[in-house]
There are 2 protein chains.
Amino acid sequence: MKKLADDILAKIGCKNTKPRKAVIEVLESTDNPLSAEDIFLRIKQLGESVNLSTVYRTLDLMETKSLVSKTVMSDGKARYELTVDGHRHHLVCTNCHKSVPIDFCPLEKLEKDIGKKNDFDITGHKLEIYGLCPKCKKE
Amino acid sequence: MKKLADDILAKIGCKNTKPRKAVIEVLESTDNPLSAEDIFLRIKQLGESVNLSTVYRTLDLMETKSLVSKTVMSDGKARYELTVDGHRHHLVCTNCHKSVPIDFCPLEKLEKDIGKKNDFDITGHKLEIYGLCPKCKKE
DNA sequence: ACTTCAAATGCAAATCATTTGCATTTAAAA
DNA sequence: TTTTAAATGCAAATGATTTGCATTTGAAGT
């Protein structure tokens, strides 16, 4: 079977290595942003071995190619997610740090106007909504 | 003359010290988010002396009291700004890192609906719009 | 004003996510 | 296969932020 990971690596025009495939496959398998270490650990759980540096290098590479978005969260760690299926925003629990993707973007229509008004060439945006998730509410 | 810094410190109920006043005054004097080091350097320029640790401690303190908002930017450094006059979003130049405050918030009305839909207690959000500023566009 | 003491500061050392240098390995072009 | 630039692993470096601790200081009570 053909894997998305292979397509992505082919598109970037870089070597199709096992560590890179592993990183992409982990990112594919979730809809929450993951930290480099999350990804590292999940790869290990799958029985493979990668170096954390390589995870970082792969993520950086993909970010430069706009295939991954990087967001530094308030805990000081960055979270990464595939942008292959369009950008996405999240509800983030301020207690347990879990996040839930939301399916719309209030910026899409506004960006152009804002850009014109301020003479900026808008290239993107980042939005996160914070709160307490159902579980943490109860505690 | 009465200073905002004094009011703020009184409100938090903590000691009114020179370093803390200096941090708040620097934050008051700008409408861009500043890094801890930015603040540290500006205080020095004003002829005063503070320790960088103290700047961090003051910012942390104020963040816990919701008087300052902290945003970790993609360069890995956090930027801080007063929230005294309500929260605010910014246009951030991806080239020179300058930022311009924008005066509206597309989330205000939507937050409640999103919260209900996902069973979250929403406490806030963070939004940044990226692009090239007028200067950097030309280069 | 003076005393007292918890709170705040300064300094240096520690932390921790991320980055980097370099020797070794590997994908893929010839 | 052979070749070679690109990628990896490992350990050490980096850099923003945090922390431990001895010293200083604001402000509450006298």
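Just so you know, these numbers use all the heavy atoms, side chains as well, and skip hydrogens, waters and symmetry mates. Below, chains carry the letters A, B, ... as their sequence lines are ordered, and counting in each starts from 1. Since this is a predicted model, take the numbers as computed values, not measurements.
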Exam field: side chain B:S99 to backbone B:N32, donor-acceptor pair closer than 3.5 Å: no
Got a second to check how far A:L27's CG is from A:T58's OG1, nearest 0.5 Å? 10.0 Å
Expected output is a numbered-order residue list: members of residues 25-43 of chain B with a heavy atom under 4.0 Å from any atom of DNA chain D. What is it? none
How close or far is atom C1' of C:dT20 from atom CG of A:L52, stated in whole angstroms? 13 Å
Short side-chain to backbone donor-acceptor contact, A:K77 and A:A36, under 3.5 Å: no
Between atom CD1 of A:I39 and atom OG of A:S29, what is the distance when rounded to the nearest 0.5 Å? 9.5 Å
Take B:V26 and B:L46 through the test side chain to side chain contact (heavy atoms under 4.5 Å, CB included) and record every step on the way to the result. CA-CA 10 Å; B:V26 166; B:L46 298 173; 4.3 Å; yes
Atom-pair distance (CG on B:L61; P on D:dT18), nearest Å: 13 Å
Taking atom P of C:dA8 as reference, at what distance in whole Å does atom CG of B:L9 sit? 10 Å
Quick one: label A:S49 by what it contacts on the DNA or RNA (base, sugar-phosphate, nothing), any heavy atom closer than 4.0 Å. sugar-phosphate
Angle between terminal axes - the helix from C:dA1-D:dT30 to C:dA30-D:dT1, 5 pairs each end, rounded to 10°: 40°
Value in whole Å for how far the P atom of C:dT19 lies from CD of A:E63: 9 Å
Count the heavy atoms belonging to other residues, nucleotides or ligands that lie under 6.0 Å from NZ of B:K137, then report whether that count exceeds 12. yes
Nearest 0.5 Å, what's the OH-CD distance between B:Y130 and A:E111? 11.5 Å
side-chain N/O B:Y56 vs D:dT18 OP1/OP2, d < 4.0 Å: no
Taking N or O atoms only and anything under 3.5 Å, show me the protein contacts with nucleotides 10-14 of chain D, one pair per line.
{"from": "D:dA11", "atom 1": "N6", "to": "A:S53", "atom 2": "OG", "distance (Å)": "3.2"}

Please answer whether the main-chain N or O of B:L67 pairs with a side-chain N or O of B:T83 as donor and acceptor at a distance below 3.5 Å. yes
First locate atom CE of B:M62, then atom CG of B:L82, and finally report the distance between them rounded to the nearest 0.5 Å. 5.5 Å
Just by modelled atom types, is the B:K70 backbone N or O under 3.5 Å from a matching donor or acceptor in the B:K126 side chain? yes
Option passing side chain to side chain contact (heavy atoms under 4.5 Å, CB included) with A:V23 (candidates A:V68, A:I43, A:L61): A:I43
Rounded to the nearest 0.5 Å, how far does CG of B:D38 lie from OG1 of B:T30? 9.0 Å
Can you check whether A:I8's main-chain N or O pairs, donor with acceptor, with A:K65's side chain at less than 3.5 Å? no
One should read off an interatomic distance between A:K44 NZ and A:E37 CD, to the nearest 0.5 angstrom, of 9.5 Å
Specify the residues of residues 14-24 of chain B, ordered by number, for which at least one heavy atom lies under 4.0 angstrom from an atom of DNA chain C. B:C14, B:K15, B:T17, B:P19, B:R20
Say whether, by atom type as modelled, one donor and one acceptor occur between the side chain of A:R79 and the main chain of A:M73 under 3.5 angstrom. no
Does A:V100 sit in a hydrophobic cluster with other residues, and if so which ones, taking ILVMFWY side chains as linked at heavy-atom separations under 4.5 Å, directly or through other members? A:L91, A:I102, A:F104, A:L107, A:L110, A:I114, A:F120, A:I122, A:L127, A:I129, B:L91, B:V100, B:I102, B:F104, B:L107, B:L110, B:I114, B:F120, B:I122, B:L127, B:I129
In whole angstroms, how far is the P atom of D:dT17 from the CG atom of B:L59? 10 Å
Looking at DNA chain D, which of residues 69-83 of chain B put a heavy atom within less than 4.0 Å of it? B:G76, B:K77, B:A78
